[in-house]
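Note sheet for the following structure.
From a predicted model like this one, the values you see are computed outputs, not experimental measurements. Order of the sequence lines sets the chain letters (A, B, ...), proteins ahead of strands, with each chain counted from 1.
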Amino acid sequence: MQDHQRPQTSSCPPDQNPPPPPPGGGGASPRISCPPPPRLRHRLCSLHFLQTRKSRLVSLHYHDKGFTKLQSPEKSILLFRQMIEHSVRPDEFTFPGVLKACSKLRALKEGEQVHAHVVKLIYGFGSTEFVENSLVYMYASCGRLKLARQVFDGMSERSVIAWSSMISGYVRCSHWQEAVGLFRKMLQIGVGFNEATLISVLTACGRLGDLELGEWIYKYVVENGLVRNDSLMTSLVDMYAKCGRVDTARDLFDIMSTRDVVAWSAMISGYSRSNRCKEALALFRDMQNANVEPNEVTMVSVLSSCAVLGALQTGEWVHSYIKKKNLKLTINLGTTLVDFYAKCGCVDRAIEMPSKNVWTWTALIQGLASNGQGKKALRYYNLMLQENVDPNDVTFIGVLCACNHAGLVDEGRSYFVSMIRDFGIEPRIEHYGCMVDVFGRVGLIEEAYEFIKNMPIKPNAVIWRTLLASCRVYRNVEIGEEALKHVVRLEPVHSGDYILLSNLYASIGRLEDATKLRNEMKMLGIKKNPGYSYIELDGIVHEFLAEDSGHPQSPEIYKAIENMMEKIKVAGYVPDKLQARLEAEEDDKEASISHHSEKLAIAFGLIRTSPGSTIRISKNLRICSDCHSATKIISKVFSREIVIRDRSRFHHFKDGSCSCNDFW
DNA sequence: TTAGGGTTAG
């Protein structure tokens, strides 16, 4: 039985009052019935028949192509138009269907025309309830929430479906707070609700992180034996995952009786959003073993996980699967593909993607910028403007990043002005951060410092950290010390900041200060976040931690490292012992550095990939400076191109140098 | 005849 055919369940609190009488004095007002004349009625029946037959034919046509259950909303609208042209009078049964078609296509203009006919013919109806519910949903689907609400507020009777239509309308337009607000109102006045209502509300709970209401619904679901409703369970899985309770989500997912593509997609997305990307890919494999066909929505989460892990081969397989199965390259999927290729260091393949909207363009601009192709990124920004696509705030983060990676100070300044002047975008802290980087990266430390002091919003730790990083490169101790003070005040336990200043001291020969700072870190109990490096081989992502011996091939890897370090030392590599673990004994410092996660991953890559092939590694933190200088030499000695993506950018190592020009 | 689950860029 369909859920909407089930009797409406009552709202949860048992002591809740029955629903008050509808505003306007109660029951439905008597309406004048006006049936169409017999001849017209016959034509109306023929059209209904034609509509049904055509829908069925279209449905079969899609089915052949691998689509199921897909109606043809375009035909529905066309037939409605023909009805009107043939002077066939639509009735209360005709409108909901055509309005649903308008909702599906988000066809506002057509929807409004239908509404005009509703107004014209309203006195011929037995009841307007279904039509008004459909109007509410049509306007909301077309993003016209105010109009939807006007229809809703003007209804003489509001059933659970009317409320649910309005709530789902809010959800469709990402107005989560309003959706939850309306649900609470429903509870307050005792309208009751059903499973469909809960599904919409759970979506809103997930987006708002409203675990309290989400859990209340979960309890209701369990107490009322609704756990067999798989759609409702999927919504619960999604809600728990979005509220950060991924393991609870997994427990619910595991007890579901049947799992369709939506349930699998929800769980995979849950892992992906929680940065548990290896689990996301593992679950994707389980999904394939369970013979559930993924769709374009599944692929968005799978590709996002591949992007985070730098899993190029798996992502490439996904891309060819998309082509093979003719999955629709939606804007979401296209954007995710652009982002995936860019994040795997293959930005040229990202360019091949059809750029469609501001998201896709932004992903491309960002990708080019982080891969060190700033000027090209700006060319694409101009191309985007030529195609009349307006940039948004995130686009400008990409544009400003492109300027700082390419050392384009004047351009950076002018884009910052253009953002406000030409597009009315108020700069956020991230935009100010980009500007500090624009100045700092070319050595304009004083200017960057002045810029921070004149910011209209309070600088955060990221801003000061950006300045500190520039001070390290340009050896500006005075402003560097000042920057660290601010950083520590704002975020007292961030190990990387101490390391930046300590390296700055070391680089100008103030070794005592460097050691003092490191000891201070030790005394304050500030520990370094564990750094992970990932490398993908034959579709399997291997993960390494510093001084890790958990890998099954660990003995071979350590042997390869020994060989690698010996060879690069001959070529001029000098280990930077300041990068060693703080608590490491003096004699162990060199070994500690040589067992950093990046080096383990590179050594593994050297022994497991064919000579001359590119080694691709991803790291969750910034690459350490010792690994950076070692990798430059490794690329030369072993004739390998090595691409390392760290948390902020790409490093393409080739012939002894790096694309970042030693600034990152 | 009307309402219901999963997706993207810093």
Side-chain angles (χ1 to χ4, degrees), chain A residues 2-4 48 90-100 103 127-138 140-141 159-169 171-172 193-203 206 229-239 241-242 259-270 272-273 294-304 307 330-340 342-343 350 356-367 369-370 392-401 428-431 433-434 462 648:
Chain A
Q2 290 290 307
D3 295 326
H4 64 260
H48 268 307
D91 65 7
E92 74 221 62
F93 297 100
T94 324
F95 285 117
V98 69
L99 285 169
K100 192 178 187 177
S103 307
S127 159
T128 51
E129 189 194 326
F130 280 65
V131 181
E132 283 173 312
N133 289 343
S134 307
L135 278 169
V136 168
Y137 190 65
M138 181 276 294
S141 299
S159 66
V160 170
I161 294 186
W163 286 82
S164 304
S165 300
M166 194 63 233
I167 290 176
S168 89
V171 168
R172 287 193 76 147
F193 55 79
N194 62 21
E195 285 137 279
T197 328
L198 295 180
I199 286 170
S200 289
V201 176
L202 281 169
T203 309
N229 180 338
D230 289 324
S231 299
L232 190 50
M233 285 296 276
T234 303
S235 293
L236 281 164
V237 165
D238 176 58
M239 181 278 295
K242 288 213 175 73
R259 300 172 200 97
D260 65 0
V261 60
V262 181
W264 284 95
S265 303
M267 196 60 236
I268 292 172
S269 141
S272 169
R273 292 171 73 103
N295 63 14
E296 54 274 4
V297 179
T298 325
M299 291 318 198
V300 169
S301 296
V302 173
L303 278 169
S304 296
T330 56
I331 287 185
N332 281 346
L333 187 54
T335 305
T336 312
L337 266 167
V338 168
D339 184 54
F340 157 72
K343 288 213 170 103
K356 290 228 174 85
N357 71 354
V358 62
W359 286 68
T360 326
W361 283 103
T362 300
L364 183 58
I365 292 166
Q366 201 101 50
S370 64
N392 64 19
D393 53 341
V394 185
T395 316
F396 275 104
I397 291 174
V399 167
L400 296 174
C401 273
R428 286 186 283 116
I429 194 93
E430 290 88 346
H431 297 103
C434 288
V462 179
S648 63

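- A donor N or O paired with an acceptor N or O is not found under 3.5 Å between the base of dG5(B) and the side-chain atoms of D230(A).
- At least one side-chain heavy atom of S159(A) sits less than 4.5 Å from a side-chain heavy atom of N133(A).
- Every residue was checked against the side chain to side chain donor-acceptor pair (under 3.5 Å) condition with T234(A), not counting sequence neighbours, and none meets it.
- For T336(A), the side-chain atoms get nearest to dT8(B) when compared with the rest of dA9(B), dT8(B), dG6(B).
- Residue S235(A) is classed as a sugar-phosphate contact, given heavy-atom separations below 4.0 Å to backbone atoms only.
- Note on V261(A): a base of the nucleic acid sits closer than 4.0 angstrom, heavy atoms only.
- At least one side-chain heavy atom of T395(A) sits less than 4.5 Å from a side-chain heavy atom of N392(A).
- Across all strands shown, T395(A) has no heavy atoms under 4.0 Å from either base or sugar-phosphate atoms.
- At whole-Å resolution of the value, CZ in F130(A) and C1' in dA3(B) are 11 Å apart.
- The distance between atom CG of D91(A) and atom P of dT2(B), rounded to the nearest whole Å, is 14 Å.
- Taking the 5.5 Å centre cut-off and the 30° plane limit, the aromatic side chain of F93(A) is not classed as stacked on dT1(B).
- Minimum atom distance to the side chain of N229(A) is reached by dG4(B), of the listed dG6(B), dG4(B), dA9(B).
- When the side-chain nitrogen and oxygen atoms of S168(A) are compared with OP1 and OP2 of dG4(B), one or more of them lie within a distance under 4.0 Å.
- Across the protein-nucleic acid pair, W361(A) atom CH2 and dT8(B) atom C1' stand 17 Å apart, rounded to whole Å.
- Relative to the side chain of P96(A), the nucleotides dG5(B), dT1(B), dG6(B) differ in distance, and dT1(B) lies closest.
- Distance M138(A) CE to dA3(B) P: 12 Å, rounded to the nearest Å.
- The side chain of S269(A) lies closest to dG6(B) when the candidates are dA3(B), dT8(B), dG6(B).
- Of the candidates dA9(B), dA3(B), dG5(B), the closest approach to any side-chain atom of I199(A) belongs to dG5(B).
- Rounded to whole Å, the distance from CG on L337(A) to P on dT8(B) is 14 Å.
- When heavy atoms are screened at a 4.0 angstrom cut-off, R273(A) is found touching the sugar-phosphate backbone but no base atom.
- Proximity note for V262(A) (side chain, C-beta onward) versus dA3(B), dT8(B), dG6(B): the nearest is dG6(B).
- Spacing between atom CG of N133(A) and atom P of dG4(B) amounts to 11 Å, rounded to whole angstrom units.
- Residue contacts for T362(A): at a heavy-atom cut-off of 4.0 Å it reaches a base atom on one of the strands shown.
- Side-chain N/O atoms of T203(A) include one lying less than 4.0 angstrom from OP1 or OP2 on dG6(B).
- N332(A) is linked by a side chain to side chain donor-acceptor pair (under 3.5 Å) to nothing, counting only residues two or more places apart in sequence or in another chain.
- Protein atom CZ of R172(A) is 14 Å distant from nucleotide atom P of dT7(B), rounded to whole Å.
- Contact check for S265(A) versus N295(A): side-chain heavy atoms found under the 4.5 Å cut-off.
- Stacking of F95(A) onto the six-membered ring of dT1(B) is not present when judged by under 5.5 angstrom between centres and under 30° between planes.
- Among the protein residues, T335(A) comes within range of the nucleic acid bases, having at least one heavy atom under 4.0 Å from a base atom.
- A donor and an acceptor atom sit less than 3.5 Å apart, one in the side chain of N295(A) and one in the base of dG6(B).
- When rounded to the nearest whole Å, the span between CE of M239(A) and P of dG6(B) equals 13 Å.
- For N194(A) and T197(A), the side-chain atoms include at least one donor-acceptor pair closer than 3.5 Å.
- In terms of heavy atoms, S304(A) sits closest to T336(A) at OG-CG2, 3.7 Å.
- Between S265(A) and dT7(B), a side-chain N or O to OP1/OP2 separation shorter than 4.0 Å is absent.
- Applying the 4.0 Å criterion to OP1 and OP2 of dT7(B), one finds that K242(A) has a side-chain N or O inside that range.
- An OP1 or OP2 oxygen of dA3(B) is reached within less than 4.0 angstrom by a side-chain nitrogen or oxygen of K100(A).
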